[in-house]
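Order of the sequence lines sets the chain letters (A, B, ...), proteins ahead of strands, with each chain counted from 1.
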Amino acid sequence: MASELITEDRTRHSAKKSVGIIRHLNLGTAVIVGALLAVTVNRIATKLIIEGDETWRRHDQIVMATMLAWFIGFMIGIGALVGPTRWFFGKDLNHDEAMFLAGKDMGIKRYFRYTTDHKVVGIQYLILTIALFFIGGVLAMLIRTNLGHESGGLIPPQVYNSIVGFHGLIMIIATIIMITGPFGNFILPIMIGARDMAFPRLNALSFWLLISILPILAATIALGGIPMGWSGYNPLADQGPLGVDSYIFTIVIFAISSAVAGANITTTAMKMRARGMNWSRTPLFVFGTVASVALALPAFPVFMLSQVMSAMDRAFGANFFNPEFGGSAWLYENLFWIMGHPEVYVILIPAVVAIMEITPVFARKPLFSFNMAIVGIFGIVGLSIFVWAHHMYISGWAPLLNGPFMLTTELISIPTGLLFLVILGTIWRGSVWTRLPMLSVYALLFNFIIGGVTGIFLSDVPEDAALHGSMFVTAHFHYTLMGAGLTGALGALAYWFPKMTGRMLDEKLGRISFWLVQIGFTVTFFGMFAVGLEGQPRRVEAYDIIFKNGNLISTMGAYTIFIGMLILLAAVITSWRNGEIAGSNPWGAQTLEWMTPTPVPLENFEVLPVVTTNPYQYGIKQETSS
Amino acid sequence: MTTPTHEVMHHESAATVGVRDRQGVLLLVLADAAFALSVVFSYFYLRMGNTQNGWIPVDGATADKMNGWIVVGALIASALLFRLGYQATVLSNKGKSLACYSLAGIALLVSIWIQLQQILHIPFGISEGTYSSCYYLITYTNLIHLVLTAFIVLGIANRDRMDLFDSEKHWHPLVSNIWLNWVVISAALGAICTMFV
């Protein structure tokens, strides 16, 4: 017995030794190396970059050099460069190192390392998303509190503008990653019967790239904020404070992270599906997630370019966007919206397909027309590329194109309608089991219809001329991104929580939260529609007294949402720690992720599954096959 | 939905992983192509707009139209050599593959040197018109491409030296070849743009 123990100890010791430098790298080393490099480069840049006529440009250069140094240092410190370096020198990772990177037997520490296991990355994304929503939510409360009184006064105007921009930026990042990050990473590979993602190290890279930008994002506050708003319109951004440099850096790194994640998720879904899982047996969540990331793949690099140009304008005096020196503000608007409108569907499609996964499970009925859902998803993806200029109707850019863009924008309601039809058809005459995930289905349908119909209003050129830049627009996009997008994500959270944590999400607290959020949401944004129709402009910290009642109602609704969200947060934390233990398949669902034990083992499946039927055969007697 | 099999998963074959790698690289090329095409779009947008006659620098100084093509020439040489190296790898001709990969790496280093020389001798400042801003953008982004590609090609040469490729395990050179071909196309796009002053 003693000799066995000694042998085991030696094996462990040799395994640790063979793992090498990787075992010393974690979030702590990343922060230390990043900070040291940032401070060093900052000192050198301050000395080397000569003070010229335009001192603001010199400061931009120093700030950008410092941020770049932080980013490189952080990525070195977390271990992102170990793989490429080892590849270059022909020293590929051995089995022990691969297992170490996958987080084997490492407990909670694996969440603070460059861990490659897709389930760890999924949980990391979930925590990050929750944190971002919390910060974005607090900022929303500051905005609404200030708008509670017609003269504002709580926050100075420039700070208010920055808070609005910061809220927008954080919420956009959070909503983009809220489904493809946590569930696309944790659930999707299991759902298709794979042992991991196609590129596990790229998977970790996409997450840690996001973490690396958090301090840069936070630095925005200290550097004067982003008073031009999250869209970063130029040449306004060119005149902005140093906080704009943080914004630029954040977008560039976020775009790289999105490209890496997009390539990874798409390859995983296309090349790693289980035997027998042809496209007609592939769950809709896989289609939707792939459609979303594949749409982001070409869209975000365009946005990235706009920010590279913006950085060159600010730091080196290039003239891309300043009309005074030959640039064009319209160029920026085009680049921004070529990304900006597809991005709406990057957010929405995963939310809707998550709801489509939930609906047949709780309606105990087969999905109503799988093919219609596919046509809907890819119809939206195809059309979304040709709608960007509806954001620019009144900018004066190419008025002759307003008609065609109005047409393409209104056409997109057809594939969207198909998705509604699939969900409604699935619920129709089903024996609905109204648990927490199912409540999100109803809420999404309600909110998305309002968001969609008001979107048709805004796609209409004359209507848009009246409503552009008003609170009506703000209410509209909150109905789509929050009312539909976030609601879908909350449904997904309630649905897959048992698989991800091994415990059920507290139903009672979840329901209280659900009703508070949905009632609060309706109150907030109906109030906003009303003041928007009356003409209240958005992004302004004080307003005319005629808008007072609508704003007061909106603020009260916003507080209700916030309380509801805090209750949900409490439900998530308490359920994760002490919730009711969930079995491997508490909902009686048929997709592959529910066929694995909970907690899911390291490589998901002991034996790889073979798929024989489509995943939505609820209520249909199945032949047993051997 | 499923029936279990008794198949036990072992390590995946080089071909299985290779097919995935190829797919992944193609998707990353798609993302990079979106960036490159946006540069082309921006170049011609600003050129056609010529706001406030701000396209060309006031003194009329422009870069040599052949500059971009010289870099593309060196890159094409590198890509052809790399392709020959890949074919030699598939045929297990070790000596030839190593020579070709190494020469491809050298050709890439030459293209980097040429690009750097061109950047150092640009006859106008970045602020002197939108043409100059675009020219700086194109040359610098191309330089980043070249440095990244040099890392890959030299890595492949080194790994070939260490006998890590053979007729079965040839996927890394294959996907690197795809990337290298894309870099040639991307550099050519830049060169085409700068032909139109």
Side-chain angles (χ1 to χ4, degrees), chain A residues 84 87-90 92 193 195 198-199 202 259-260 262-264 266-267 270-272 274-275 294 297-302 304-306 308-309 312-313 316-320 323-328 330-331 334-335 338 590-592 595 603 605 607-613 615 617 625-626, chain B residues 1-9 12 16-17 19-28 30-39 41-42 45-46 49-56 125-134 136-137 140-141 151-152 154-155 158-164 172:
Chain A
W87 174 87
F88 186 89
F89 291 108
D92 293 333
R195 292 194 188 279
F199 310 113
L202 285 189
V260 168
N264 199 4
T266 308
T267 307
M270 291 181 79
K271 298 290 179 193
M272 295 179 73
R275 214 192 307 164
L297 205 59
F300 284 106
V302 183
M304 179 178 165
L305 172 68
S306 72
V308 170
M309 289 167 146
M312 288 173 73
D313 274 6
F316 303 106
N319 294 317
F320 290 110
E324 195 183 343
F325 304 107
S328 169
W330 281 329
L331 173 62
N334 273 291
L335 293 175
I338 286 172
Q590 294 184 4
T591 39
L592 282 179
M595 307 298 156
E603 288 196 305
F605 300 94
V607 176
L608 283 180
V610 173
V611 179
T612 55
T613 60
Q617 302 283 53
S625 46
S626 57
Chain B
M1 185 186 174
T2 65
T3 52
T5 68
H6 297 291
E7 179 191 32
V8 177
M9 182 73 181
E12 292 169 307
T16 308
V17 178
V19 168
R20 264 181 237 154
D21 288 351
R22 184 175 57 186
Q23 172 89 42
V25 166
L26 285 171
L27 289 165
L28 288 175
L30 172 71
D32 202 41
F35 187 93
L37 291 173
S38 306
V39 173
F41 170 78
S42 303
Y45 189 98
L46 291 169
N50 193 18
T51 315
Q52 311 271 22
N53 283 322
W55 172 246
I56 296 288
I126 194 171
S127 312
E128 298 175 38
T130 39
Y131 163 79
S132 59
S133 301
C134 287
Y136 274 87
L137 174 70
Y140 273 92
T141 48
F151 175 83
I152 294 168
L154 293 173
N158 187 44
R159 290 174 70 88
D160 193 48
R161 184 184 63 80
M162 295 171 78
D163 279 335
L164 291 171
H172 283 194

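Scanning both residues, Thr266(A) and Leu27(B), for their nearest heavy atoms gives CB-CD1, 3.6 Å. The minimum heavy-atom distance linking Gly317(A) with Ser127(B) is given by the pair O-OG, 2.9 Å. Residues Phe151(B) and Trp87(A) come closest through the heavy atom pair O-CZ3, 4.2 Å. When all heavy atoms are compared, the tightest approach of Thr267(A) to Arg20(B) is CG2-O, 3.5 Å. Taking both residues in full, the closest heavy atoms of Leu335(A) and Ser42(B) are given as CD1-OG, 3.9 Å, listed atom of the first, atom of the second, then distance.
No side-chain heavy atom of Pro298(A) sits less than 4.5 Å from a side-chain heavy atom of Phe35(B). Side-chain contact between Phe316(A) and Tyr136(B) is absent, with no heavy-atom pair separated by less than 4.5 Å. Side-chain contact between Gln23(B) and Met270(A): present, with at least one pair of heavy atoms (C-beta onward) separated by less than 4.5 Å.
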> When you look at Phe41(B) and Leu331(A), which way does the side chain to side chain contact (heavy atoms under 4.5 Å, CB included) test go after all the steps?
Replying inline: CA-CA 9 Å; Phe41(B) 170 78; Leu331(A) 173 62; 3.9 Å; yes
> Would Asp92(A) and Arg159(B) count as a side chain to side chain contact (heavy atoms under 4.5 Å, CB included) if you check the C-alpha gap in whole Å, the side-chain angles of each, and the deciding distance to 0.1 Å?
Replying inline: CA-CA 10 Å; Asp92(A) 293 333; Arg159(B) 290 174 70 88; 2.7 Å; yes
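Contact annotation for Val39(B): both backbone and side-chain heavy atoms come within less than 4.5 Å of a heavy atom of chain A. Only the side chain of Leu46(B) comes within contact range of chain A, with at least one heavy atom under 4.5 Å from a heavy atom of that chain. If you measure heavy-atom distances from Tyr140(B) to chain A, you find no contacts under 4.5 Å at all. Neither the backbone nor the side chain of Asn264(A) comes within contact range of chain B; no heavy atoms are under 4.5 Å apart. Only the side chain of Phe199(A) comes within less than 4.5 Å of a heavy atom of chain B; its backbone N, CA, C and O stay farther away. Both the backbone and the side chain of Leu305(A) come within contact range of chain B, judged by heavy atoms closer than 4.5 Å. For chain A, no part of Leu37(B) is nearby; none of its heavy atoms comes within less than 4.5 Å.
Of the residues considered (Leu28(B), Leu137(B), Leu30(B)), Leu137(B) shows the highest number of contacts with chain A, using heavy-atom pairs under 4.5 Å. Note: Ser133(B) leads Ala34(B), Gly54(B), Ser133(B) in heavy-atom pairs under 4.5 Å with chain A. The candidate from Ala299(A), Gly193(A), Gly262(A), Pro323(A) with the greatest count of non-hydrogen atom pairs under 4.5 Å with chain B is Pro323(A).
Although no hydrogens or angles enter the test, the distance criterion places no donor-acceptor pair under 3.5 Å between the side chain of Thr51(B) and the main chain of Ser328(A). Side-chain N or O atoms of Asn158(B) include one that pairs as donor or acceptor with a backbone N or O of Phe88(A) at under 3.5 Å.
Rounded to the nearest 0.5 Å, atoms SG (Cys134(B)) and CE (Met309(A)) are 5.5 Å apart. Taking CD1 from Ile338(A) and OG from Ser38(B), the interatomic distance works out to 6.5 Å, rounded to the nearest 0.5 Å.
Salt bridge absent: Lys271(A) and Asp21(B) never bring a charged side-chain N and a carboxylate O closer than 4.0 Å.
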